[in-house]
Amino acid sequence: MTTTPLPVSLRATLPGNFYTDPRIFAAEQEKVFESLWFCVVRSADLAQPGDFQTVQVGRESVLIARGRDGVLRAFLNICRHRGARICTQESGAVKRSFQCPYHAWTYGLDGRLVAAPNLTGMPDIDRREFGLRPVQTYEWLGYLWVCLAPAPPSFSETVIDAVTARLGSADVVASYRMDRLALGQRIRYDVRANWKLIVENFMECYHCATIHPELTEVLPEFANGYAAQSYVGHGAEFGPEVDGFTVDGSPGFGVLEGVARAQDRRYYAATVRPQVFLNLVPDHVILHRMFPLAVDRTAVECDWLFAADVVASGVDVSRSVELFHRVNEQDFAACERCQPGMSSRAYAAGGVLVPTEHHIAEFHEWIRGLV
Ligand code: FES
Ligand code: FE
């Protein structure tokens, strides 16, 4: 079979089956989500000892809990006795332990087996040995990442350096002091699309002029299909009449403490592989965490973070939130529009990337290299 070579302006995408084949999704669960660092929770959401959340990471349920010593820990949410799921709630608080609902093995917040019926009759059991299986953790930007791999890759090389490479300097993201910000709003989106369609969409702005009227008002350079993700260190500048990163360009909440002058009228974005998007604007930060649930379904949790005093004051942040909420809805609708096309015979060999999307080919190569 001969194939016509593509014009130099175009590059090939992944073929359609990468977005529809459950075997490829299973390989991604194993090689991507269960092998790399995966952002699970915002640390401050588990503020008190005993606070916990359960999060799906690849095929595993992970239980995250704050210990009595204040440390956040993560465990596989599976009882060491006969494998029952310990915790079925998404979030909550316990006093000092988790009890398996099946035969009542009980684990401390540090994962240690602390009690079980007739345990005293089994003096040879080392309680540490039969504790919950721990999962590696790393806290950064006020969020907790976990890695299920037995020998996790270096967090700084695979996560921090990638953000630094995109933003040009480690100081840019650090200057927003994200771990001190407070949650102003969280919206969870149930997107009927493969997670890679969402990543690709976030990586290009060829679509901005078509589907993001409010965003291109605030960031006029986006109207030219400018790829915010492809130029190292570049932040998109607000339009001359724009006072803030809000749905109508009205003023936001000033500039976050620490944010440099050069950044105070700019929007920066970074894709943190595999499942985080970071958006930095002068007065707030928007962070997306994706939770791929099936080959054609992805939950996206989006946090809007503001200065702690802004959130504490109870001031209305809805004009700030509304801008990116609309962007999210516009983007996710576009991804959902593409998902059925991925199984069409018209897309069996994939589609094409125009020059402002060429950098997406590197993402495709990265996926091909892993699965
Ligand atoms: Fe958990 Fe038996 S399976 S106590
Ligand atoms: Fe978009």
Side-chain angles (χ1 to χ4, degrees), residues 54 61 63 75-89 94 97-108 111-122 125 127 129-133 187 189 191 193-230 235-236 245 247 267-271 276-281 286-288 290 298 300 302 304 321-339 353-354 356-357 359-360 363:
T54 55
S61 172
L63 171 62
F75 310 98
L76 296 179
N77 186 14
I78 297 294
C79 183
R80 292 295 306 283
H81 174 221
R82 299 249 311 280
R85 180 161 290 196
I86 303 280
C87 194
T88 49
Q89 278 170 266
V94 293
S97 59
F98 294 98
Q99 188 173 70
C100 178
Y102 195 178
H103 314 88
W105 279 34
T106 303
Y107 303 91
R112 205 152 69 101
L113 179 65
V114 292
N118 310 324
L119 189 60
T120 46
M122 300 176 269
I125 289 186
R127 295 176 187 217
E129 186 65 26
F130 286 91
L132 295 175
R133 292 274 189 217
I187 300 179
Y189 303 86
V191 187
N194 182 271
W195 69 280
K196 297 189 295 301
L197 289 176
I198 301 172
V199 172
E200 292 158 12
N201 173 277
F202 192 79
M203 290 179 74
E204 54 95 357
C205 206
Y206 191 41
H207 66 268
C208 290
T210 329
I211 71 172
H212 295 320
E214 302 87 354
L215 184 65
T216 48
E217 275 292 316
V218 173
L219 306 173
E221 61 188 280
F222 275 17
N224 305 322
Y226 163 74
Q229 299 270 310
S230 64
F245 197 75
V247 70
Y267 162 88
Y268 295 85
T271 305
V276 172
F277 306 139
L278 196 55
N279 309 269
L280 309 167
V281 293
I286 304 154
L287 186 137
H288 299 75
M290 288 196 297
T298 310
V300 184
C302 186
W304 281 261
V321 171
E322 185 63 18
L323 175 54
F324 227 88
H325 173 54
R326 287 195 197 178
V327 170
N328 285 339
E329 290 199 313
Q330 292 154 351
D331 280 332
F332 300 152
C335 296
E336 290 184 341
R337 180 177 277 264
C338 290
Q339 183 64 35
L353 302 168
V354 301
T356 55
E357 301 170 309
H359 57 287
I360 296 175
F363 171 64

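Note that the structure is a prediction, hence the values are computed from the model and not measured. Whatever order the structure lists them in is the order used to number ligands and atoms, beginning at 1. Note that these values count all heavy atoms, side chains included, but never hydrogens, waters or copies made by symmetry.
- Cysteines C335 and C338 have SG atoms no closer than 2.5 angstrom.
- Counting heavy atoms from C-beta on, the side chains of F245 and L219 come closer than 4.5 Å.
- The distance cut-off of 2.8 Å around atom 2 (Fe) of ligand 1 captures these protein N, O or S atoms, sorted by chain and number: H81 ND1, H103 ND1.
- Here the closest non-hydrogen pair linking E214 and L323 is CB-CD1, 3.8 Å.
- Nearest heavy-atom pair across P117 and A104 is CD-O, 3.8 Å.
- The environment of Q99 atom CD is dense: over 12 non-hydrogen atoms of other residues, nucleotides or ligands sit within 6.0 angstrom.
- Annotation: side chain of I198 is not in contact with side chain of H288 (no heavy-atom distance under 4.5 Å).
- A salt bridge does not link E200 to K196: none of the charged nitrogens lies less than 4.0 Å from a carboxylate oxygen.
- Here F222 and Y267 bring their ring centres to under 6.0 angstrom of each other.
- Neighbouring protein atoms of the Fe ion (ligand 2) (N, O or S, distance under 2.8 Å, waters ignored): H207 NE2, H212 NE2, D331 OD1, D331 OD2.
- F202 and F277 have parallel rings, their planes meeting at less than 30° on a 0 to 90° scale where 60° marks the start of perpendicular.
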